[in-house]
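Written below as structure tokens is the structure these notes are about.
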Amino acid sequence: MKLLLKLSLWGLAFYSLPLQACDVCGCGSMAFGMGDWMNQGRSMLKSSYSMRRFEGPLSSDRFHQIQISGIWALKNNWQLKASMPYVYAQRQALESEEFKTLNSIGDASLSVQKLVWSHIDSNRMHSLYLSAGFQAPTGPFEDRPIESVFAPNFQAGSASWDLLFSLQYEFSWKKYMLVFQSAHVQNTTNSYDYRFGNQWMNSLKVARYLKINDNLNSMLFVSMDHEYLARDVNKRGYYQYGTGGEAWFSGIGYQIIAEKWSLGAQYQFRPIPAQGEYQAKDQFNLNLNYFL
Amino acid sequence: MKRLSFILMLLSFWSCSEEFAGMEDQIAPHIQVLLPQIWEAQAGDTLHFQILISDNDQLHDYYLGLNNLSEMTKEMHWSAHSHAQAITLDTSYVLARELPYSHFQLQIEASDHQGNVIRKRIGIFVKGKG
């Protein structure tokens, strides 16, 4: 039973879905790599693809992001994670036929995570992780006019050093697992006097372990996520029009896990309409992991 | 204890969801009439309007109307959408030669993205031929 528990935890741990709602927020303040289900002490390479859509009062945005990450296990339950995203995005102006494309690397991030508490008994397992890190301004930022349809909030990079925090609690019982995550991105004002809004993400997931054969395992999970994007502040000191939003997501996902790799996908949709000036639409995530 | 303090500190940080540092725009746009400087005209004259509309952040839309209050007719009726911080309207209207003594009214309205609205109405006295 303990083995099954560990297997299911291990399987889910490699899945990097939880906070991808935060991964691409339609601006330069992306919370790359926060809140991954870490790998219980193992090192790994991760690649993921996310597709997200947003609608504002003046434009419709579509973001495609590929992210490569490396996770290294350190001593005493510490882990180090580095991520580099690549962003392809398009903004379509609603009042005209104009559009703008972003096609470049995004902001790289570096974070550390620690297992601060865990408890295992006959068929239950509890774990609590804390994580902190920062995001470096490696992606490009164009200093566009505030009044432009392609306002400064549509960027591949934030041009600011931003802080990343997350908390994760995992509980597993028999073939089931429950994961709660909470993440926060604290953005700072960049050198162009523009500040992307802070982000808050909360996520609850329930998963069930499904064995395929002796070499392959899988996980089926459902999720409920809440995302809050604060409004940006422009160089005049006012909240930038067309930014800030809040959304609830329901999701379903599946992951296959082998000894050296895992492959997973998740689709998230909104059970109720999003709020705010920058409204998230349905999103999709695909990831492939290789265990070192 | 140290671990608990760290967790509590993190949680308190989480709960701080206030959007600090930004300002809510509560100031309506500003309308400045550059022309005409005299609000009297003769029938047959051309009224030249030059109006500067500006906002502390971003405009949303604006309206310009010219009403003939004596006849209860609308002679000009024009609105547009702009996200700029300032725009200048420059237009003119030719008063008919046979116009009797009339009261006109210039009507200007502007709003910003936060819904702050300003309205300005200025009377124009037109000396008619009769």
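Protein chains get the first letters and strands the later ones, always in sequence-line order, with residue 1 at the start of each. Values reported hereafter were calculated over all heavy atoms of this structure, with side chains retained and with hydrogens, waters and symmetry mates removed.
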Determine whether more than 12 heavy atoms belonging to other residues, nucleotides or ligands lie under 6.0 Å from atom [atom1] of [X].
X       : atom1 : value
R97(B)  : CZ    : no
Q275(A) : CD    : no
H77(B)  : NE2   : no
I272(A) : CD1   : yes
F99(A)  : CZ    : no

Is any side-chain heavy atom of [X] closer than 4.5 Å to a side-chain heavy atom of [Y]?
X       : Y       : result
E24(B)  : R231(A) : yes
E95(A)  : H83(B)  : yes
Y238(A) : N56(B)  : yes
M23(B)  : R236(A) : no

Look at D112(B), L59(B), D25(B) and state which one has the largest set of heavy-atom pairs under 4.5 Å with chain A.
D25(B)
How far does CG of D57(B) sit from NZ of K235(A), to the nearest 0.5 angstrom?
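Separation between the atoms: 12.0 Å.
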